[in-house]
Structure formats: C-alpha cells, structure tokens
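Right, one structure below, let's go through it.
Keep in mind that what you see is a predicted model, and the values were worked out from it rather than measured.
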Amino acid sequence: MRIHEKTAVDAWHFARPKLAEAYLNAFALGLTAARGLFARRRMGKTEFLCKDLLPAAVEKEYLVAYTNLWDTSTPDIAIVSALAQALEPRGFRAVMTALGKPVKKLKASAKLPGLAEGSIEADLAQLDADSAATMREVLRQLDRQKKPLILVIDEAQVLAKEVHSVFAHALRAALDIRKDRIKVVFAGSSETTLRDMFARSSEPFYNWAPLEPFPLLGDEFVAFTVELTNSLARNTLTLTDGKRAFEALHRTPEFFKRFIERFVLYQLEGVDAALEHTKATVFSDQHFLRQWTGSGAADRAVLILVASGDSDLHSVAGLRYLSTLAGSPTTPSTVSHALRRLQDGNVVTRLERGRYRIEDEAYAEWIRQTTAGHLREALAEKPRAKSKR
Ligand SMILES: Nc1ncnc2c1ncn2[C@@H]1O[C@H](COP(=O)(O)OP(=O)(O)OP(=O)(O)O)[C@@H](O)[C@H]1O
Ligand SMILES: [Mg+2]
C-alpha cells in the first residue's frame, strides 16, 4: 500500500513544518472545520499530509485519521476504518459490540496513519451492516474521546461519484454536527471534480470546505535536495544545475527525485545525461501509450491541442485544426463531448471558461513528444491560426 512507503523514515523528505502549522492554526482558531486542497499529480500532497501535517497534529494532541481513496471501490469502508483506527482498541471493540460483532483480539491501534495492520479494515469489510450505521457508531465512540480529531481524506474526488452519494450525505451530516471536534482535510489531484464537489448545490459537499491550491515545492526543496546529494555524491551537483533539472521536469518533486537518484548512481555520466535519462523514462511510460491508444480520434485531437497549450478549441481555426488532427470533420458538439469524457476520466481539467489543462503533466509532455509530427502537419494546414470566431 502506498501509505506504508510514505511513512518510513526518510532522510530525503523536505519537511514543511510552517505549512503544517498554518493548517493546524486555522483549525485551532475555529475559523474553519474543513479545508480542501488540490494540486496536480506527484506534487507532494500525500507526502505533506502524511509526513508533515499528521505528525504535527499528533504533537498537538489530535487524534488522526488518514485515508487515500485512490484505489478503492469502497470509500465508505476506507473512511470508516480510518476513523476506527483512530480509536484506542477498546473503543473499536465497543463499536463492533454495538454492531453485534464482538471482536476478541485486536492489535494495538496505530498512533500514526499507515502503521495500522489493516485488520480493522478487514473486520469492517465483513460487516454486512450498512456503512453509514457503522460510521455513526464509530463517531459515537470518538465523541467519548478527550482529544479532537483530524480526518484527512486523500483523493477525495472519488466520493463525488454518484454511487457513493448516500454515504457522502451521511458523512457530511455526521461531521457537520461535530465541527468543533472533528476537522477534515480533503485533498485531491482532480481540480475539476473537487471544484464540482464543493461548488454544486446538489452535491453533499456543497460549500463544506473552501478549496485552495496546495502550495507547491520550489527552490527551497531543490536546495535541500541538492545539498543532501552533495553530501553523498563525489561529483557535486550545483544549485544551478539542480534548478535547471527541476524546471525541465516541470517542477515535479517526484521526477526531480528520480533525476537525483540517477545522478547519484551514475555519477560519471554527469548531470545532463542524468536529466536526459530521467526525462526519457518519466515522459515515456508504457502506461501513457495504453491510455492514448484507448482514446478515440476526437479525444486524441483535443488532447494534442490542449497539450500544446492552445486550448482555444471552439474557435473556427481551432475546429479546423482539430478536424485535421482527428482526420474527420469536428463540430463544436464533438469537442464538447470529447471534453466531457476527458474531464470525467480525470484526464483534463477545466481551469476557467474555455481554458483546459491535462491533469498529469507527464502525460501532457508525452503527448507533446509523441505527436510533434502530427502537430506540425496540422499547423501547416491551419490557415491564419490567430483568426478567432
Ligand atoms: N516534501 C517532500 N520532500 C521530498 N520529496 C517529496 C516531497 N513531497 C513529494 N516528494 C516526492 O514526490 C513524490 C510524489 O509525492 P506525493 O505522492 O506526495 O504526490 P501527490 O501530490 O500526492 O501525487 P498523487 O496526486 O499522484 O497522489 C514522493 O514520492 C517524493 O518522492
Ligand atoms: Mg497522493
């Protein structure tokens, strides 16, 4: 499970105590009981939540519960077990007894997310009682705890799916009446879906939490990593080269770490070779090829245009351009349908009216690299690209 990797002691972790404190202070002041934060993939949300925010919360005498809904088809069970893990074993036993399923043996509950045994989740998954009832019981036990709780729901956009709507409503209702004792952080990589979740009056999450961009890692992170690298590598990496690599990798911490790893392991080859190698691996995944070949012609045409940064998709020039790319006439409704599909699949995000972006920068870069030829051809056929509708 991803979370286990995240919680191991990690010398390479660039700690962000001030950011963690800012979130905790806002909760402590009682100004807000919930926050929503988003950033695109691989930007360090999960790492911040698990390695900075939650440990800081534990220091401040909060109970903590963390769940990542990325890979689960049962977010209700995932959330309820995260809450249950925050209880001492005795509290959890009481929940199970109340639900008519006493547990005899239970491993000690974890103080930090990720250290739990997964046994609670297994116990809960076997319950045939509905998850909302289980949740209410767990919350009743939490009400009896002295400490307040911080619940972090990572990849929270999963909850926006229609199938989870009943549980989402129940969750909101249960947490709304506990605002002073339970603080919630929603995080996610799909800005579009998160926005819809919190902005649509028909959604259970409507107006629950203000949604803000997650502050991204920047020069300080690069400087920290370069310094650590130099303490291990003989061939020193200059800060300038580090910053250049970070830029070339679209300021993505995960890719930067891969670059560093390559640099350290193949020092004799030098910085440029390490950077080229990293770019070649991170921007040319098999996975992208599969994703690409699985999309229809119209979707691909739209993706090429969005990746190129020219997302004026509905203009006359844009449509002609798309027709060339797709190899068939493209109408405004074809474009709208493609955009809807791509947004539903969390591939594309709408930034504002008429402006789009590919969620995964690595995929965008892969598309730019693999379709450069198509793009040039289409451009050659695109008369006076600037003419607008
Ligand atoms: N504070 C940090 N210090 C050092 N490395 C970091 C930090 N934050 C992120 N990274 C690196 O970036 C990788 C990706 O971070 P993380 O998984 O937290 O991103 P994410 O925003 O949650 O991505 P996703 O949306 O894909 O879940 C980490 O595995 C780590 O290598
Ligand atoms: Mg994450």
Side-chain angles (χ1 to χ4, degrees), residues 1-3 5-6 14 16 19 23 34-54 66-73 75 78-79 82 113-114 151-161 164 168 184-200 203 205 208-218 221 246 249-258 282-283 285 287-288 290-292 295 299 303 306-307 311 339-352 355-367:
M1 239 177 99
R2 288 155 59 112
I3 181 74
E5 298 159 21
K6 310 279 177 198
F14 172 69
R16 306 176 83 187
L19 189 57
Y23 281 101
R35 306 276 292 255
L37 52 97
F38 62 86
R40 49 212 315 200
R41 308 261 345 257
R42 307 187 184 88
M43 286 302 188
K45 299 177 294 292
T46 301
E47 180 141 340
F48 168 74
L49 295 168
C50 294
K51 292 191 181 170
D52 296 298
L53 184 69
L54 292 181
Y66 171 91
T67 184
N68 191 326
L69 304 182
W70 182 253
D71 244 353
T72 176
S73 54
I79 291 173
L151 168 65
V152 174
I153 306 181
D154 207 348
E155 304 292 354
Q157 69 269 4
V158 171
L159 278 178
K161 291 191 184 143
H164 305 310
V184 192
V185 177
F186 298 96
S189 49
S190 172
E191 189 180 335
T192 324
T193 329
L194 281 176
R195 284 212 179 284
D196 283 354
M197 260 171 90
F198 291 101
R200 270 198 207 147
E203 293 288 327
F205 292 91
W208 193 354
L211 197 59
E212 359 165 65
F214 171 65
L216 300 178
L217 288 166
F221 161 71
F246 190 54
L249 297 165
H250 302 290
R251 306 180 69 84
T252 312
E254 179 168 324
F255 300 156
F256 186 64
K257 296 272 280 284
R258 291 213 217 163
V282 299
F283 298 138
D285 254 329
H287 166 75
F288 294 147
R290 244 178 292 131
Q291 194 172 348
W292 181 251
S295 327
D299 294 20
L303 283 171
V306 174
S311 50
L339 282 169
R340 184 41 43 217
R341 268 192 304 275
L342 292 167
Q343 286 180 82
D344 286 348
N346 293 334
V347 182
V348 161
T349 288
R350 199 183 72 150
L351 298 173
E352 59 207 40
R355 282 221 313 128
Y356 296 88
R357 186 179 70 189
I358 293 175
E359 295 265 357
D360 189 342
E361 180 50 41
Y363 189 36
E365 181 67 25
W366 182 89
I367 293 173

Under the rule for salt bridge (Lys or Arg N to Asp or Glu O under 4.0 Å), what residues qualify as partners of Arg42, not counting sequence neighbours? Glu254, Asp360
Partners of Glu365 by salt bridge (Lys or Arg N to Asp or Glu O under 4.0 Å), sequence neighbours excluded? Arg368
In chain order, what residues pass the side-chain hydrogen bond (donor to acceptor under 3.5 Å, both in side chains) check against [X], with sequence neighbours excluded?
X      : value
Thr252 : none
Ser295 : none
Arg35  : Glu212

In sequence, state the C-alpha distance, the side-chain angles, and the governing distance for Arg251 and Leu216, and then conclude on side chain to side chain contact (heavy atoms under 4.5 Å, CB included). CA-CA 9 Å; Arg251 306 180 69 84; Leu216 300 178; over 6 Å; no
Closest non-hydrogen atom pair between [X] and [Y], with its separation:
X      : Y      : value
His164 : Ser73  : CE1-O, 3.6 Å
Tyr66  : Ala82  : O-CB, 3.5 Å
Tyr363 : Gln291 : CE2-NE2, 3.5 Å
Lys45  : Ala39  : NZ-O, 2.9 Å
Met197 : Ala160 : CG-CB, 3.2 Å
Leu194 : Leu37  : CD1-O, 4.0 Å

Check whether Arg40 reaches the backbone of Ile358 with its side chain - one donor and one acceptor, N or O, closer than 3.5 Å. yes
Apply side-chain contact (heavy atoms from CB on, under 4.5 Å) to [X] and list each qualifying residue two or more places apart in sequence or on a separate chain.
X      : result
Ala209 : Ala34, Phe186, Phe198
Val282 : Leu249, Phe255, Arg258, Thr278
Pro215 : Arg16, Leu19, Tyr23
Asn346 : Gln157, Ser190, Thr193

Check the pair Phe48, Leu53 against side chain to side chain contact (heavy atoms under 4.5 Å, CB included), reporting the backbone distance first and the verdict last. CA-CA 6 Å; Phe48 168 74; Leu53 184 69; 4.0 Å; yes
Drop me the distance from [X]'s [atom1] to [Y]'s [atom2], to the nearest 0.5 angstrom.
X      : Y      : atom1 : atom2 : value
Leu211 : Trp208 : CG    : CH2   : 13.5 Å
Gln343 : Tyr356 : CD    : OH    : 5.5 Å
Phe246 : Phe256 : CZ    : CZ    : 7.0 Å
Leu339 : Leu303 : CG    : CG    : 9.0 Å

Any [X] side-chain heavy atom under 4.5 Å of [Y] side chain:
X     : Y      : answer
Ile79 : Leu159 : yes
Leu69 : Thr72  : yes
Phe38 : Arg195 : yes

Contacts of His250 meeting ring-ring contact (aromatic ring centres under 6.0 Å, His included) (sequence neighbours excluded), chain-then-number -> Phe283
